[in-house]
Structure formats: structure tokens, C-alpha cells
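Accompanying notes for the structure given below.
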Amino acid sequence: MITVHHLENSRSQRVLWLLEELGLPYTVKRYERDPKTMLAPPELRSVHPLGKSPVLVDRDPSGASRILVETGAIVEHLVDKADGRLGKPYGDDAAMRYRQFLHYAEGSLMPPLLINLVLGRIPMVGKTAQKRLQPMIDVHLDFVERELGARPWFAGDTFTAADIMMSFPLEAARDRGFLSVGKPITNIWLDTIQARPAYQAALEQGGPYRFA
Ligand SMILES: N[C@@H](CCC(=O)N[C@@H](CS)C(=O)NCC(=O)O)C(=O)O
């Protein structure tokens, strides 16, 4: 049995979405952010020492349970559990892009967006830091726009878990206004994923999600 420890308005929404796409049974334990700091509540630390979300607990029929953090690792674990569905597609090029975007989402695209958000909240330094970060963010978002212009999904012709991984950084980028000029293809891609029935079902399971 799978339990997802899910923080509202967070990256872990992707895990719920993937579970819905795969049709795997699961339960959700929801957590609310501290309204002042926006951090996760301390209870999440009793589930995992990092105190971040998502945390996946996977209990097998013998009662043994395994605990896993890091969205990309959780996504790979769930794809394996579903016999590879939504995983690596056929064809060397598509398979390579699948692997690349699975890691690119958290490894390269998310960090400048997060630094921008965190520094932006600091009076005095915020504005200067954001100015420096903007060109870095633009390089990524231009790359994404070109990639999505070349094929319908991040890996190729089929929807994969790489698209699910890429959803959160792009939703966060749109939320901060970074997609408002010159990014029509990325905007259409976001509208398309958000219209998927499994995406909508995951929203019902996860509660507040300001990026949809
Ligand atoms: N790279 C990690 C990041 C985990 C992470 O930072 N999660 C955020 C959710 S957006 C969190 O729990 N933030 C609350 C906090 O730091 O207290 C992953 O993708 O799982």
C-alpha cells in the first residue's frame, strides 16, 4: 500500500498526478504550510528527517515498509511498480530525452527558480539578485520552448513521466510571470497537461494547489 505525505501547494502534487495516471491505489496524508514561513510543519520530520515533501511510504503485503524521498526517485519507483508504464519510451532518442528531462526538472530548471523566490523575499538584496537570475532563468525557459516546439511531449511523441516531472517548475515559472511573453508553446503544453483527467483527479486528492 502506498502512502504519499503531501504538502499543499508543492512539488509533491506530481506524485499524486502520476499515481492517478498509473491507476495505482494510494492514500494521501496532507500537510499545511506555515502561513508565515511557508515551510512544512514539524510533523513531517517525524516521517522523514528532511521534513520535506514528497515522502512516499510503500508497504508490501508482508507489512515491511520502505520510505523514499526525492520526487524523481519516487517517480522512477512508481513507474517500475507499474511495469514501466509512462516510463522510458521506445527509440534511442526518445529514451535519452526521457532520462534527461526526468533529471533536468529538479536538477537544473528548479534551482534558479527557487533561488529567485527565496532571495526575492529578502528586502534590499531581493531585487538585485532577481535581476542577476533573470538571464539564467530565460536560458532555461527558451530551451524548454524550443524543445516543446520540436515535439509534442518532452521525450517525443508520447506522454511520459518526464512530462510529469517537468510540470512543477514550469507551473512555478508561469505563476511568477516568467512565461507571459514569448512562450506560447510552453503555455499551451501547460494548459494541455492540466486538462488531463488524471491531473484533475490528483488536484482533488491533494487539496490546495495554487499553480493550476
Ligand atoms: N528535490 C526535492 C525537493 C523537496 C522539497 O524541497 N520540497 C518542498 C516542497 S515544494 C518542501 O517540502 N518545502 C517545505 C520546507 O522546506 O519546509 C524533491 O523534488 O523531492
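Ligands are counted one by one from 1 in listed order, and the atoms in each one are counted from 1 as well.
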Polar contact flag for Ser10 and ligand 1 (N/O pairs, less than 3.5 Å): no
I'd like a table of donor-acceptor pairs (distance under 3.5 Å, sequence neighbours excluded) in which one partner is a side-chain atom from residues 92-105, with atom names and distances.
from: Arg97; atom 1: NE; to: Ala155; atom 2: O; distance (Å): 2.8
from: Arg97; atom 1: NH2; to: Ala155; atom 2: O; distance (Å): 3.0
from: Tyr104; atom 1: OH; to: His140; atom 2: ND1; distance (Å): 2.6

Straight-line distance of Leu109 CG to Met166 CE, nearest 0.5 Å: 5.0 Å
Pair Phe159 + Trp17: ring centers closer than 6.0 Å: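 Yes, the ring centres sit under 6.0 Å apart.
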Ring-ring centroid check His6 Tyr31, cutoff 6.0 Å: no
Shortest protein contact, [atom] (heavy atom only):
| atom | result |
| --- | --- |
| atom 10 (S) of ligand 1 | Arg11 NH1, 3.1 Å |
| atom 16 (O) of ligand 1 | Lys52 NZ, 2.5 Å |
| atom 1 (N) of ligand 1 | Glu70 OE2, 2.6 Å |

Salt-bridge present (Glu21, Arg196; N to O < 4.0 Å):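 A salt bridge is present here (some side-chain N lies under 4.0 Å from a carboxylate O).
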Show me, pair by pair, the donor-acceptor contacts under 3.5 angstrom made by side chains of residues 70-78, not counting sequence neighbours?
from: Thr71; atom 1: OG1; to: Arg14; atom 2: NH2; distance (Å): 3.4
from: His77; atom 1: NE2; to: Asp58; atom 2: OD2; distance (Å): 2.7

Over 12 non-hydrogen atoms of neighbours within 6.0 angstrom of CG in Asp80: yes
Shortest reach to atom 12 (O) of ligand 1 by a heavy atom, considering only Pro42, Ala40, Ser53, Pro41: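 That would be Ser53.
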Residue selection (non-hydrogen contact nearest atom 20 (O) of ligand 1) among Thr71, Val15, Val75: Thr71
Atoms in ligand 1 with a heavy atom of Leu7 nearer than 4.0 Å: 11 (C), 12 (O), 13 (N), 14 (C)
Numbered atoms and elements of ligand 1 in range of Pro54, under 4.0 angstrom, heavy atoms: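 Contacts of ligand 1 toward Pro54, numbered from 1: 20 (O).
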Min heavy-atom dist Met38 to ligand 1 below 4.0 Å: no
